Trainee: 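Provided herewith is a single structure, encoded as structure tokens, for subsequent inquiry.
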Amino acid sequence: MTTTQPHRLQTHEPILELNDVSVTFSMDRGDSRVVDEVTLDIERNEVLGIVGESGSGKSMLASALLDAVVDPGTVSGEITFHPQDEPSVSVLELSKADRQRFRWEQIAMVFQGAMSSFNPVRTIRTHFVETLSAHDDDIETGMKRAAGILEDLYLDPDRVLDSYPHELSGGMKQRALIALSLVLEPEVLVMDEPTAALDLLMQRSIIGLLEEIKTQYDLTIVFITHDLPLVADIADRVAVLYAFEIAELGPTEEILSEPAHPYTRLLLKSTPNLQAPIESMQPVEGAAPDPVNVPEGCSFHPRCPLADETCQANDPDAATVSDRHTADCHHYEAAPGAIPLEPPEMDEIERTPRHHGSAGEPLLSLDGLEVHFETEQKGLGLFGEPETVSAVDGVSLDIYENDVVVLVGESGCGKTTLGKAAIGLQEPTGGTVRYRGQDIYGDDSDVDATDRFSADEIRRALQIVHQDPGSSLNPHHRIRSILEAPLKQWYDDLDGNDRQSRILGLLEHVGMTPADDYIDRYPHQLSGGEQQRVALIRAMLLNPELILADEPISALDVSLRVEMMDLLIQLQETFNTSYLFVSHDLSNARYIAEKTGGRIGVVYLGELVEIGPPEQIIHDPQHPYTRALRWATPQLTYRDDRAQTPPIRTIDIPDPTDPPSGCRYHTRCPEARKVCAQSAPATKSGSDAEGHEVACYRVQDDHDYWEDAPIDDADLD
Amino acid sequence: MVFNNWRIRRVGQAVFTVWAVLTLSFALVRLMPGNPMGAMLVQLEQSGMNPARARELVEARLSVRPDQPIPIAYMNYLTSTLQGDLGQSIASGEPVANEIAQALPWTLFVMSWSLCITFVLGVVIGALMAYWEGGRLDVGLTSWAILMGSIPFYVLAFLLLIFLSYRFGWFPTGGKYVAGTEPGFNLPFISGVMYHAILPVLSMLVASGVASLGMRGNSIRVLGSDYLRVARLRGLSDLTISSQYVARNAMLPMYTTLLINIGEMFGGSVVLEQVFQYKGLGYYLYRAVNIRDYPRMMGGFMVITIAVVIALFIADMTYSMIDPRAGGASNESY
Ligand code: SF4
Ligand code: SF4
């Protein structure tokens, strides 16, 4: 079944041919091969998605395509580029001058860090001009072309070109960078995690734009990402990288619906998304190998449920699954049976719905919460008033015991500030936060002195787990002392042995065994997931009543996310805590909310625009913004609406120092009518479901909105 | 140019510092035990002057009238100082302000040369490092900077003087210009001035050797940045990359460091000008300290403090011109 020409295409016309391409770094510990003999054809005008976890070698492979691997890495093998109507070139053998011309004129690259891809002290225009002149291109026609590309990317060329990089938002910079990469009309565009730092809505919009750009500029795109659902939306073919090799390669549809390699199947199952039943989502056990120490035989065998002696002894070749679909696995035919994508039949899991509404006193009650920041950025004249950003504006929300609320929204929408204000870390400028009826920021005189909570008690009851566990743990302390500190502070009646056994017990509980070993390590000796667990234990040790988890999994690899979320949920059940999650990802929000019977709250420009049970928010969203977020969330199925125009008017978020009047979403809302710009809609019940509330005129059947004329773009200027 | 609160605050800080310096020196003269006034009196009396005459002289020179109530004296002092009246030198009887006005330009001359050279050197070094991608230059530069950083500048000044001036006779052993040339815009005078300034400038450069070390650190940081990598991929020439990318960005933090160095340079000039017999402000101050000429000392220190405050103020105000990200009129994500 195996072929000698792995990942080769017979019928199509390749634009790039890779033959045994390896990237090697010599290190003290030995040679580290971060791309291992990859052989691959890239077709003209296709979008090839290269998917892999961090450390799988995907970025190195991308750099190798331009022979741009950073020192001291070396590329070996053969890369042949077949330009249109010109003789083929061998990329790795180009002279320095030829290589300089080849890059950007034939193959351009867009990096992940658009934020830092521009020289901070020069305008965007200068970047275009210097690129054109470095390649002896005519500046005037080149700049015309640039303006055209910027316009195609929904940017105002004059304003963007005259801006300094720091004056543009992340999404704008990323698009400006794409325009810069296209200004010399290359044939191939290599994109390395081009949207990773961006919000979902921006990601999805850029993906949509790439589709258009690809046809218009006759491009071949190599799209590298860790995010399988994201490429599913754009790629024609997907290559899955595991341990520096291609594990599976095939048309997107087949990779998604009938993956043949066990790793791909496990990866798909571990990726949170909006459709698959959550019972079927499972983490991939184990960890990816280190480049100096790749397992013998099939590199996936330590983690593979199908592994046998053959796998341990022999490295599998690419086996042909179907016409254009290969998998590097000895037992690919057995994989679908052994690793079903559908969940096993089981009884409907009993989900205990949380008690919202009238049942019980809320644990935490936010009422008309406002947090305004003053900025000094933009004074106008000597005595200019400082601008205020309303990060949170009039949010009311009740959180009950054992409750879970997940806040989602784009970055800068105020969700983190809202969370911090709720647990007492950010003093609000208006409104109140009550913990069991007692105002945590101010006046508590209306509460009887006998059942008044001290500031310390409140502080202990409301805990936070940060996004980046590494920076929240003191690097100079062992896990033992990190975890002992809060115990000493709050439970001084415990003696050393009690403390120790409590910590060991918790470490074991979260799967960090042997716990005696972990307890004496330093944070840097732990993986990201383990650090996050320690941070979580630290919060849990205090028996808090509510934990604010600020993007607790976004720093983790995709295959570890489900595991971490499961742990969070399990801890919640064990300790009877409530959670306030903050996330920018609707799939993760859905996973948590659905598994815990919690609610999802959608935040836009400081306001809570819709909140409700996940069934409503995901399957029947009422607010147009929730719909846009849902549209923006990549899905694991091959969908027909791939090239559909986005359900938003403009891609970019309005300036938060000058939020739009009326309904703040009206500048982007495709459903906006005149009244939306004039007054803000009240929050009303969104459906029959308990706790489903929406701030949009469209849920009010008898509102004047329905008689009003739609807003057109002229109204918005 | 758009002004905003940030700028107003800086102005306020600068004004406050100047005021504090003035007040402090007032307080020193008036209120402290063993104060300059008393010391001067003792000094004059010891030299045989009768006490009443000495008191008169002290009052005149320090512009201090003990019979005035403190608040009025303070106001008088502030107004006269702000009008440029720093009292009169004991030694010469000349107004201190005039004497300083004559000495200061020479010191500033030497300092500005050192500053310019440090700056240019730093930028060139950064650019070269980018050109050679660190490596070769780095080792040499680091050792140089460490060596220079560990030799006190006055030791180097003596070494330069001993070898280059006394031993080889390449440079003058003192003075500011060639005796006998007509001060003014004529070639012999100007070239003489340059010639005499070379050694002081060289020694002062050492005081700022640390700055080039800083530049090295900055360059290394810039060398690792994403935009540099992208610039290389875009095929920009090495020249553009080293000048517009590396040097330009590495320069930013150095700019403020340099202006902060001005304070150190003034301090250094006291010793250096003594070594080279270069009659600038430092020399003047040194003399004043030696002969306990209090009005001169206080005037000199006051001028130096104010100069440093002004330098820092300029650094703050102009930084936004070289770094578009700092202050100024930004329109964050329109
Ligand atoms: S070759 Fe064996 S170990 Fe490797 S993926 Fe296939 S079944 Fe698993
Ligand atoms: S109130 Fe109007 S603008 Fe706001 S979301 Fe609803 S329809 Fe859109």
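Just so it is clear, the model here is predicted, and its values are computed rather than measured. We use all heavy atoms of the structure for the numbers below, so side chains are in, but hydrogens, waters and symmetry mates are not. Letters go in sequence order (proteins before strands), and every chain restarts at 1.
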Trainee: Which residues pass the side-chain contact (heavy atoms from CB on, under 4.5 Å) test with A134(A), sequence neighbours left out?
Mentor: L236(B)
Trainee: How close do L233(B) and W104(A) get, heavy atom to heavy atom, and via which atoms?
Mentor: O-CE3, 3.8 Å
Trainee: Taking OH in Y154(A) as the centre, count heavy atoms belonging to other residues, nucleotides or ligands within less than 6.0 Å. Is the count above 12?
Mentor: no
Trainee: For Y227(B) and P120(A), work out which heavy atoms get closest and say how close.
Mentor: CE2-CD, 3.5 Å
Trainee: Looking at H127(A), is its backbone amide N or carbonyl O close enough to the side chain of R234(B) to form a donor-acceptor pair, meaning the two atoms are under 3.5 Å apart?
Mentor: yes
Trainee: Compare all side-chain heavy atoms of F111(A) with those of D226(B) and state whether any distance is below 4.5 angstrom.
Mentor: no
Trainee: Check ring pair (Phe, Tyr, Trp, His ring centres under 6.0 Å) between F128(A) and all other residues, then give those that pass, not counting sequence neighbours.
Mentor: none
Trainee: side-chain hydrogen bond (donor to acceptor under 3.5 Å, both in side chains) between S116(A) and R229(B): does it pass, once the steps are laid out?
Mentor: CA-CA 10 Å; S116(A) 50; R229(B) 192 169 169 219; over 6 Å; no
Trainee: Chain B: which of T123(A), T131(A), T126(A), V121(A) shares the most heavy-atom pairs with it under 4.5 Å?
Mentor: V121(A)
Trainee: Give the member of Q100(A), R99(A), R122(A) that has the highest number of heavy-atom pairs under 4.5 Å with chain B.
Mentor: R122(A)
Trainee: Please flag which part of L180(A) lies under 4.5 Å from any non-hydrogen atom of chain B: side chain, backbone, both or neither.
Mentor: side chain
Trainee: Are the side chain of N119(A) and the backbone of Q244(B) linked by a donor-acceptor contact shorter than 3.5 Å?
Mentor: yes
